[in-house]
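Just below is one structure, and these are the notes that go with it.
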Amino acid sequence: MDKKVWACNEWDPLEEVIVGSVDDAVVPVWNVALGSATPSHSKWFFDEYGGKPFPQEMRDKAAYELDNLVKVLENLGVTVRRPEKQDFSKECVTPWWTSTGLYSAMPRDVMMVVGDTIIEAPMAWRSRYFEIYAFRDLIEEYFRDGARWLAAPKGSMKDSFYNQDFDPENAEPNGVRQFAVAENEVAFDAADFVRFGKDLFVQKSGVTNAMGIEWVRRHLGDEYAIHELSFDEEHPLHIDTSIVPLCPGKLLINPSWVRKEHLPSMFDSWEIIEAPEPTMPFDSALYFSSDWLTMNFLSVDEKTAIVEENEGPLMELLAKHGINSIPIPFRNFYPFGGAVHCATADIRRRGTLDSYF
Ligand code: ARG
């Protein structure tokens with residue numbers, strides 16, 4: 001296998017990865033899509049900083065942890081690439097709206113490698129419309145090196161792209177789950193997908209709609225099956241704090257949001273393992289997420305995981321399943337909305353395209 005870009009699942013031996021950056025990160029301006037996916041206690045943060053850079057101290061501390069992650073990966077023999085610098089404070093102007101940017105901190109959200117294909121997500125937040133360009137130099141290089149490359153059609157992100165009357169306090173009026181993103185255009189973030197070889201699982205969320213899921217399904221073709229799941233997370237955004245495969249046959253689930261009944265029968269022969277409660281109390285510094293970032297570790301291979309150093313109960317659990325944890329400080333990155341899995345995007349994992357069900 002001499003492909004430069006190749007990854008079929010979340011656990012094969014990692015050979016090359018992109019690690020995000022918080023340089024020039026800008027706090028997005030509050031809107032219905034942001035409000036649908038972020039905890040209500042953080043509104044003050046967006047009111048105060050929306051359109052301005054994240055406070056320097058937050059960026060410095062998170063940047064230090066990202067640089068350390070890079071060293072840890074390189075010491076394991078993994079090739080690490082970083083995004084191109086981009087000025088996210090520049091306001092972009094479209095025919096319908098204007099917006100400042102966000103960051104290039106979460107490559108997992110904007111792109112995914114499926115087999116030898118790089119898929120660019122269209123995104124659904126205005127602040128993320130141009131984020132992919134921080135990764136374009138890399139993608140163009142990978143394309144020259146033989147990768148296939150698909151960019152999903154970007155939604156207009158006009159007002160009609162969103163359910164303007166979405167109420168985060170009542171996401172299920174009449175018992176039917178509503179989402180902030182409407183159904184009239186293609187929308188998905190890559191992080192709403194998780195890869196298990198020939199099977200991928202996806203959830204609808206505040207940024208991923210049925211048309212987005214169907215777009216991925218048709219483009220991946222008959223070799224792959226896309227299965228849609230739905231959990232109890234009140235405001236779903238990215239699947240990687242809900243279910244995390246450890247290796248073939250073992251699935252870690254978030255016990256607050258995922259019940260075994262949510263999983264299709266294809267998981268009947270799998271061991272379903274409940275993640276321990278987060279060690280970090282759900283505090284107000286988590287502006288974009290819940291405290292379940294606990295589960296958001298990165299598998300280097302089936303026996304090795306890079307885990308935030310305070311997540312002791314998780315490390316103990318992983319050890320019981322034969323997985324050795326490499327602890328790293330990452331708490332100062334959490335307020336940007338993700339942990340180690342979000343902060344990375346796999347480019348190459350050594351392995352073959354298989355079926356595990
Ligand atoms: N919505 C998730 C939570 O609140 C956060 C997931 C972050 N993942 C990511 N790829 N950015 O726990």
Side-chain angles (χ1 to χ4, degrees), residues 10 17-22 25 28 33-42 45 62 66 69 83 102-113 119-121 123-125 127-128 131-132 134-135 168 171 177 179-181 188-195 200-208 229-245 252-258 275-299 306 308 311 314 330-331 333-346:
E10 308 288 329
V17 71
I18 301 177
V19 171
S21 160
V22 288
L34 187 68
S36 80
T38 49
S40 49
H41 69 224
S42 51
F45 180 77
L66 285 166
L69 168 63
L102 177 61
Y103 49 39
S104 55
M106 313 285 173
R108 187 73 59 185
D109 300 355
V110 293
M111 58 188 283
M112 65 174 167
V113 170
I119 300 180
E120 284 183 13
M123 313 308 286
W125 286 5
S127 57
R128 307 194 81 174
E131 193 171 311
I132 192 68
F135 304 94
R177 173 77 70 91
F179 298 97
V181 70
F188 67 90
D189 277 13
D192 273 321
F193 289 82
V194 55
R195 301 156 303 168
L200 284 86
F201 297 86
V202 62
Q203 64 172 3
K204 272 195 206 126
S205 76
V207 292
T208 296
L229 305 177
S230 165
F231 308 122
D232 288 340
E233 182 180 5
E234 212 184 338
H235 301 130
L237 177 78
H238 305 147
I239 201 166
D240 54 358
T241 54
S242 296
I243 58 167
V244 173
L252 189 69
I253 61 167
N254 176 328
S256 326
W257 300 339
V258 183
E277 291 290 317
T279 53
M280 186 189 204
F282 185 48
D283 79 42
S284 48
L286 294 172
Y287 304 118
F288 289 89
S289 74
S290 74
D291 46 357
W292 282 101
L293 297 180
T294 298
M295 294 178 60
N296 198 258
F297 57 84
L298 178 70
S299 294
I306 301 183
E308 209 291 326
E311 307 292 357
L314 176 72
F330 220 61
R331 274 288 157 87
F333 186 80
Y334 282 19
F336 290 84
V340 195
H341 191 258
C342 312
T344 54
D346 326 340

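Every number for a ligand or one of its atoms is a count from 1 in the order of the listing.
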Approximate separation, where rounding is to 0.5 Å, of Ile119 CD1 and Met111 CE: 10.5 Å
Check: Asp240 N/O within less than 3.5 Å of ligand 1 N/O: yes
Ligand 1 contacted by His341 (non-hydrogen, < 4.0 Å): no
Whether Ser289 side chain and Leu286 backbone form a donor-acceptor pair below 3.5 Å: no
Any side-chain heavy-atom pair of Tyr103 and Arg128 under 4.5 Å: yes
For atom 10 (N) of ligand 1, the protein heavy atom that lies nearest, with its residue and separation: Asp109 OD1, 2.9 Å
Pair Asp189 + Arg108, salt bridge at N-O below 4.0 Å: no
Interatomic spacing from CG in Asn254 to CG in Asp240 - rounded to 0.5 Å: 11.5 Å
Proximity of Phe336 to ligand 1 by residue part, where a heavy atom lies under 4.0 Å: neither
N or O pair under 3.5 Å between Glu233 and ligand 1: yes
Which residue and heavy atom of the protein sit nearest atom 9 (C) of ligand 1, plus the separation: Cys342 SG, 2.8 Å
For ligand 1, the portion of Ala191 having any non-hydrogen atom under 4.0 Å away: side chain
Point-to-point distance, once rounded to the nearest 0.5 Å, from CD of Gln203 to CZ of Phe193: 10.0 Å
Residues Glu311, Arg331: salt bridge by 4.0 Å N-O rule: yes
Check: Asn296 side chain, Cys342 main-chain N or O, donor-acceptor pair, under 3.5 Å: yes
Proximity to ligand 1 by part of His235, non-hydrogen separation under 4.0 Å: neither
Heavy atom of the protein closest to atom 12 (O) of ligand 1 (residue, atom name, distance): Ser290 OG, 2.7 Å
Proximal candidate to atom 6 (C) of ligand 1 [heavy atom criterion; set Asn296, Leu286, Leu237]: Leu237
Atom 2 (C) of ligand 1 [closest protein heavy-atom partner, distance rounded to 0.1 Å]: Thr241 OG1, 3.2 Å
Per-atom contacts, ligand 1 versus Gly337 - under 4.0 Å to a heavy atom: 7 (C), 11 (N)
Closest non-hydrogen atom pair, Ser256 against Trp292: OG-CZ2, 3.1 Å
Which segment of Asp291 sits under 4.0 Å of ligand 1 when only heavy atoms are counted: neither
Ligand 1 contacted by Tyr334 (non-hydrogen, < 4.0 Å): no
